[in-house]
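This report concerns only the one structure given below.
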Number of protein chains: 2
Amino acid sequence: MASDRAGGVQSLERAFDLLERMADAGGEVGLSELSASSGLPLPTIHRLMRTLVDCGYVRQQPNRRYALGPRLIRLGESSARLLGTWARPYLAELVEATGETANMALLDGDEVVYVAQVPSRHSMRMFTEVGRRVLPHSTGVGKALLAHVPPEEVRALLARTGMPAATERTIVDPDAFLAELEHIRAQGYAVDDNEQEVGVRCLAVTVPDSPTAAAISISGPAGRVTEAATEKIVPVLQGVARQLSTALASNGTP
Amino acid sequence: MASDRAGGVQSLERAFDLLERMADAGGEVGLSELSASSGLPLPTIHRLMRTLVDCGYVRQQPNRRYALGPRLIRLGESSARLLGTWARPYLAELVEATGETANMALLDGDEVVYVAQVPSRHSMRMFTEVGRRVLPHSTGVGKALLAHVPPEEVRALLARTGMPAATERTIVDPDAFLAELEHIRAQGYAVDDNEQEVGVRCLAVTVPDSPTAAAISISGPAGRVTEAATEKIVPVLQGVARQLSTALASNGTP
DNA sequence: TTGGAGAATTCCACCCAATGGAATGCGTTT
DNA sequence: AAACGCATTCCATTGGGTGGAATTCTCCAA
């Protein structure tokens with residue numbers, strides 16, 4: 001998080017770190033678990049948690065464990081609404097046209113964050129949790145977004161994040177990655193070909209002129225998102241991206 | 001919030017107060033607006049916001065205004081999942097059977113908080129924002145929940161919250177309210193008959209044996225949720241509550 | 001283009017709010 | 001009942017958080 005940034009409010013950073021750890025743990029934890037994973041002393045954690053409980057962002061259960069609280073729902077919904085609602089009809093159109101799951105993602109710092117999703121109607125469908133954050137190099141949307149970032153900045157980002165291999169197909173060499181971005185710029189769309197998850201293929205394009213770098217994608221099983229299907233899907237994807245861009249120009253969000 | 005509780009972490013309370021105000025304002029604000037509404041000095045707000053921006057819970061836009069950030073989505077979704085996902089299929093069953101909007105709510109401190117909703121398929125339907133908090137005395141779920149709380153505790157709660165009239169039909173007298181709770185216990189379900197909102201009728205029952213006091217309800221226009229409809233709906237409501245209770249017993253949430 | 005107003009951002013002396021070690025309390029298991 | 005693990009409370013200490021004043025930035029009207 002921001003712990004390396006001078007001047008941040010420490011107790012705030014600590015509280016949110018604890019909340020994230022709770023979300024990582026499925027939403028419910030004991031104080032000792034939090035202490036072990038965060039390195040903070042129990043009384044410090046206890047005091048922060050008590051404040052969060054008093055405010056409704058955390059609940060304490062009868063077994064003394066702590067769980068994420070209902071007040072977080074409203075904050076999350078408000079944020080999602082702001083970021084993703086206006087995109088949803090467009091994503092729905094994508095699903096209608098392609099039959100696959102559509103996502104929208106933003107570049108936020110060094111990470112890509114998924115902010116809206118409309119799922120495929122197939123039983124076998126991609127599920128990506130809204131709010132999920134991933135490294136850009138192994139995802140279609142990440143590659144699409146970085147294709148519009150100057151190469152020196154891309155190199156710096158990669159140096160910060162590293163390039164861990166999610167699968168055997170993930171690109172882990174900076175030079176190879178920059179060449180891929182060149183290819184993406186030339187062909188006008190990005191492909192995640194089993195790079196983030198084996199058996200999954202994703203096609204992505206950026207939303208032109210978005211004040212916050214945004215990309216949309218469709219993804220599904222590699223057996224359905226074939227090269228042949230790609231040829232049909234990409235023009236739809238690019239068309240919807242242009243529509244989104246137009247909508248952006250008129251309503252100024254995000 | 002918890003500002004009257006000694007020992008809370010002040011900066012944490014302040015930060016969340018600011019986040020709530022942002023949600024109230026539709027998710028986007030300028031610092032001066034926050035300063036005017038919260039009474040906090042600008043530099044204090046700025047420092048808290050900068051920390052939140054660095055952590056990803058708030059974004060700053062090119063126009064210098066601040067907006068709720070994507071990291072809140074994940075926290076909200078994790079909380080909602082913990083609280084409401086397991087209830088959703090049951091609520092969907094309620095909607096299937098009754099045609100009206102189904103909600104689940106918890107008693108959290110002195111307030112009732114809505115944690116899950118499956119909307120009616122009618123055009124004219126109840127919409128209650130998940131995460132919304134209300135006073136218990138003027139809602140069906142609130143009354144159902146308080147019917148299971150000892151009367152002295154109910155009186156104490158009412159003394160703390162007051163009993164503001166949402167409509168002309170809202171019960172605003174503690175004695176009348178306690179008599180109503182007696183009636184609810186006898187008949188096995190609660191009715192909000194235009195007490196929270198004119199033209200709206202809601203039927204609610206509690207989920208038996210829930211470690212966190214929970215209730216489910218259906219609500220819709222008074223013209224549809226008639227006395228005749230009530231007789232058909234209540235047994236369904238009670239049946240689903242029993243199913244939820246059974247599910248509770250097997251998965252131990254919330 | 002310039003000037004003014006409003007809003008956001010930065011700086012830093014001050015002090016009290018946040019911290020965490022030690023002690024105590026609670027719940028579960030044997 | 002005793003032991004153990006975990007949560008909670010207490011309070012002396014200090015550095016993290018605060019907010020007034022100054023500065024910078026942005027936008028709009030003349």
Side-chain angles (χ1 to χ4, degrees), chain A residues 1-19 21-22 25-69 211-212 252, chain B residues 1-19 21-22 25-69 109 211-212 252 254:
Chain A
M1 206 196 300
S3 50
D4 54 344
R5 290 288 304 259
V9 179
Q10 182 182 239
S11 45
L12 200 47
E13 290 164 1
R14 284 177 161 179
F16 274 102
D17 182 57
L18 294 177
L19 289 173
R21 291 177 191 278
M22 289 172 76
E28 176 181 317
V29 287
L31 288 196
S32 301
E33 294 166 54
L34 281 179
S35 182
S37 75
S38 68
L40 295 179
L42 276 172
T44 301
I45 297 180
H46 185 258
R47 191 148 175 269
L48 291 170
M49 295 308 268
R50 197 177 66 196
T51 302
L52 291 170
V53 168
D54 290 344
C55 293
Y57 301 103
V58 167
R59 287 176 313 119
Q60 186 172 28
Q61 300 180 158
N63 61 6
R64 300 204 298 178
R65 289 167 72 80
Y66 292 86
L68 293 176
T212 300
Chain B
M1 209 195 294
S3 50
D4 54 344
R5 290 289 304 260
V9 179
Q10 182 182 239
S11 45
L12 201 47
E13 290 164 1
R14 284 177 163 183
F16 275 104
D17 182 56
L18 294 177
L19 290 172
R21 289 176 192 282
M22 289 171 77
E28 176 182 318
V29 287
L31 287 195
S32 301
E33 294 166 54
L34 281 179
S35 181
S37 75
S38 68
L40 295 180
L42 277 172
T44 300
I45 297 179
H46 184 260
R47 188 145 177 271
L48 292 170
M49 295 309 267
R50 198 179 65 196
T51 301
L52 291 171
V53 168
D54 290 344
C55 293
Y57 301 104
V58 168
R59 287 179 310 120
Q60 187 171 29
Q61 300 180 158
N63 61 7
R64 302 204 297 176
R65 290 166 72 80
Y66 293 85
L68 294 176
T212 301

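Residue numbers begin at 1 in each chain, while the letters A, B, ... track the order of the sequences. The figures here come from the full heavy-atom set of this structure, side chains too, leaving out hydrogens, waters and symmetry mates.
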With heavy atoms under 4.0 Å as the rule, sort [X] into base, sugar-phosphate or nothing.
X: B:Ser11; value: sugar-phosphate
X: A:Pro41; value: sugar-phosphate
X: B:Gln60; value: sugar-phosphate
X: B:Ser32; value: sugar-phosphate

Using whole Å, what does the distance between atom [atom2] of nucleotide [N] and atom [atom1] of [X] come to?
X: B:Arg47; N: C:dA13; atom1: CZ; atom2: C1'; result: 14 Å
X: B:Leu48; N: D:dG19; atom1: CG; atom2: C1'; result: 12 Å
X: B:Leu42; N: C:dC11; atom1: CG; atom2: C1'; result: 15 Å
X: A:Glu33; N: D:dA7; atom1: CD; atom2: P; result: 8 Å
X: A:Met49; N: C:dA18; atom1: CE; atom2: C1'; result: 17 Å
X: B:Arg14; N: C:dA17; atom1: CZ; atom2: P; result: 9 Å
X: B:Leu31; N: D:dG19; atom1: CG; atom2: C1'; result: 14 Å
X: A:Asn63; N: D:dG5; atom1: CG; atom2: C1'; result: 14 Å

Please check the phosphate of [N] (OP1 and OP2 only) for any side-chain N or O of [X] closer than 4.0 Å.
X: A:His46; N: D:dT8; result: yes
X: A:Arg64; N: D:dA7; result: no
X: B:Thr44; N: D:dG19; result: yes
X: A:Tyr66; N: D:dC6; result: no

Minimum side-chain heavy-atom gap B:Asp54-B:Arg50 below 4.5 Å: yes
Side-chain ion pair, A:Arg65 and A:Glu33, N-O less than 4.0 Å: yes
Exam field: side chain B:Ser35 to backbone B:Leu31, donor-acceptor pair closer than 3.5 Å: no
Residue pair A:Tyr66, A:Tyr57: steps toward the ring pair (Phe, Tyr, Trp, His ring centres under 6.0 Å) verdict: CA-CA 10 Å; A:Tyr66 292 86; A:Tyr57 301 103; over 10 Å; no
Contact summary for B:Leu19 and B:Leu52, nearest pair of heavy atoms: CD2-CD1, 4.0 Å
Given D:dT9, D:dT8, D:dT18, the nucleotide with the shortest approach to the side chain of A:Arg50: D:dT9
DNA chain D: 5'-proximal contact among A:Gln10 and A:Arg65 (nearest heavy atom): A:Arg65
B:Pro43 vs A:Leu40, nearer the 5' end of DNA chain C by closest nucleotide: B:Pro43
